[in-house]
Protein chains: 2
Amino acid sequence: MSANSRLTIAAHALAWIGLYQRQGHEVATSEQIATSANTNPVVIRRLLGELRRAGLVESRRGVGAGWSLARELESMTLLDVYEAVEPGPLFAMHRTTPDQGCVVGYGIRPAMQGIYEGIEETLRHELARVTLADVLRDVLAAPR
Amino acid sequence: MSANSRLTIAAHALAWIGLYQRQGHEVATSEQIATSANTNPVVIRRLLGELRRAGLVESRRGVGAGWSLARELESMTLLDVYEAVEPGPLFAMHRTTPDQGCVVGYGIRPAMQGIYEGIEETLRHELARVTLADVLRDVLAAPR
DNA sequence: GCAGTCGCAACGTTAATTGTTACGACAGTT
DNA sequence: AACTGTCGTAACAATTAACGTTGCGACTGC
């Protein structure tokens, strides 16, 4: 599958903001987060923009601008983040329509659709079991 | 995520071969399967080659050549197919190493690694619950 | 007015999958 | 022995999504 790192980077950004706020700061800038994640500030702003649309973070503009959490890390799950930053379904169908004159070509898509939906539902349950507070705790628990 | 359709096409091919064999035929050609899936025979041969390496299908060469199942559809699960055709993990880490001097940058990868492993294990359990015989039954159950 | 940061568009870069062509290898048939 | 049909595989183009980068206007506090 070789998936994308959007979920990882988004979790990284949220954990970073959360820790920064615990240290008493009001807002974090996209440049600070980008430095930690070793990427470009625009990449962070794009991802955080999607998280803002989902109601997970807020942003200020002007001097002293930056990002802050809109909710507690304890009330945010990886499912919230996943749904905010991952557009499509986990598994894709055929790129072109299969032969509708063939029994298999006709029935394969509804069949796989039903199967995939059940699997994605299970995936969502798993993602919902992990909060961003869990993530930050695990981050800080890494041995040095 | 907009994943790839490798798992879908591989399941399509296996269901097609299984049904064809139920109808009394010995082997199926990549061209027949490609016509049903509306793609190129080489794409099918590549995927079936990976399934052969996993012991799910066999191939003959020469005149009257083609593909046949190496096991019953009942004993094949989507997990077998998934592991045969999907190379990498479901979720990716950062493309570049995060800032190891930052607490979050240092701990984020082992933290997410542990979380992702648990989720992928659940995904595997779900995939293992569905046999290719289930898939073919669902395919044939599609209303016309 | 100035400075710092977001918001966003535009474009280039990279990587994976998919599609296509080509051709040799193989095994039956004639 | 030549012929035919199909696999096996390499090579390359086409497509797509994610990622990276630059640029610049908008906003806000000083």
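Order of the sequence lines fixes the chain letters, A, B, ..., with proteins taken first and strands second; residue numbering starts at 1 for each chain.
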- Task: For the residue pair E86(B) and L7(B), establish whether any side-chain heavy-atom pair is separated by less than 4.5 Å.
- Result: yes
- Query: Expressed in angstrom and rounded to an integer, what is the separation of L48(B) atom CG from dC7(D) atom P?
  - Reply: 9 Å
- Whole angstrom is fine here: how far is it from CD1 in I33(A) over to C1' in dC6(C)? 12 Å
- Going by number, which of residues 6-24 of chain A have a non-hydrogen atom under 4.0 Å from DNA chain C? none
- Message: What is the distance, to the nearest angstrom, from the CD atom on E26(B) to the P atom on dG28(C)?
- Response: 12 Å
- Message: Once side chain to side chain donor-acceptor pair (under 3.5 Å) is applied, do any residues pair with R129(A), and if so which ones, sequence neighbours excluded?
- Response: E126(A)
- For nucleotides 20-30 of chain D, read 5' to 3', which letter fits each nucleotide if B means a protein heavy atom sits under 4.0 Å from the base, S means only the sugar-phosphate is that close, and - means neither? BBB--BBBBB-
- Message: I'd like to check L132(A) versus T77(A) (side-chain heavy atoms, cut-off strictly below 4.5 Å). Are they in contact?
- Response: no
- List in chain and number order the residues that pass side chain to side chain donor-acceptor pair (under 3.5 Å) with R45(B), two or more places apart in sequence or in another chain; answer none if no residue qualifies. S30(B)
- Comparing nearest nucleotides in DNA chain C, the 5'-proximal residue of the pair R53(A), G64(A) is G64(A)
- Message: My understanding is that only residues two or more places apart in sequence, or in another chain, count here; which of them pass side chain to side chain donor-acceptor pair (under 3.5 Å) with R52(B)?
- Response: S59(B)
- In whole angstrom, give the distance that lies between atom CD of E50(B) and atom C1' of dT17(C). 12 Å
- Task: Respond yes when some side-chain nitrogen or oxygen of R52(B) is under 4.0 Å from OP1 or OP2 of dG8(D), and no when none is.
- Result: yes
- Message: So that I can tick it off, tell me whether R124(A) and E121(A) are bridged by a salt bridge, with the cut-off set at under 4.0 angstrom between side-chain N and carboxylate O.
- Response: yes
Taking only distance into account, with no hydrogens and no angle test, what donor-acceptor pairs under 3.5 Å do side-chain atoms of residues 10-21 of chain A form with protein atoms, sequence neighbours excluded?
from   : atom 1 : to     : atom 2 : distance (Å)
H12(A) : ND1    : H94(B) : NE2    : 2.8
H12(A) : NE2    : S36(A) : OG     : 2.8
Y20(A) : OH     : Q32(A) : NE2    : 3.1
Q21(A) : NE2    : E26(A) : O      : 3.0

- Query: When the distance from CG of N4(A) to P of dT13(C) is rounded to whole Å, what number comes out?
  - Reply: 22 Å
- Item | Main-chain N/O of T131(B) paired to E74(B) side chain as donor or acceptor, under 3.5 Å | no
- Query: Touch check for G66(B), heavy atoms < 4.0 angstrom, all strands: base, sugar-phosphate only, or nothing?
  - Reply: sugar-phosphate
- Item | Euclidean distance, atom CD of residue E86(B) to atom C1' of dT17(C) [Å, nearest integer] | 11 Å
- Item | Under 4.0 angstrom between S59(B) side-chain N/O and dT6(D) OP1 or OP2 | no
- Message: Tell me whether Q100(A) at atom CD has more than 12 heavy atoms from other residues, nucleotides or ligands lying less than 6.0 Å away.
- Response: yes
- Query: Roughly, in whole Å, what's the span from CG in L47(A) to P in dC8(C)?
  - Reply: 14 Å
- Message: Counting only side-chain nitrogens and oxygens, does S5(A) get under 4.0 Å of the OP1 or OP2 atom of dA18(D)?
- Response: no
- Message: Looking at S30(B), I'd like to know whether one of its side-chain N or O atoms comes within less than 4.0 Å of OP1 or OP2 on dC7(D).
- Response: yes
- Of the nucleotides dT6(D), dC6(C), dA18(D), which has the atom closest to the P87(A) side chain? dA18(D)
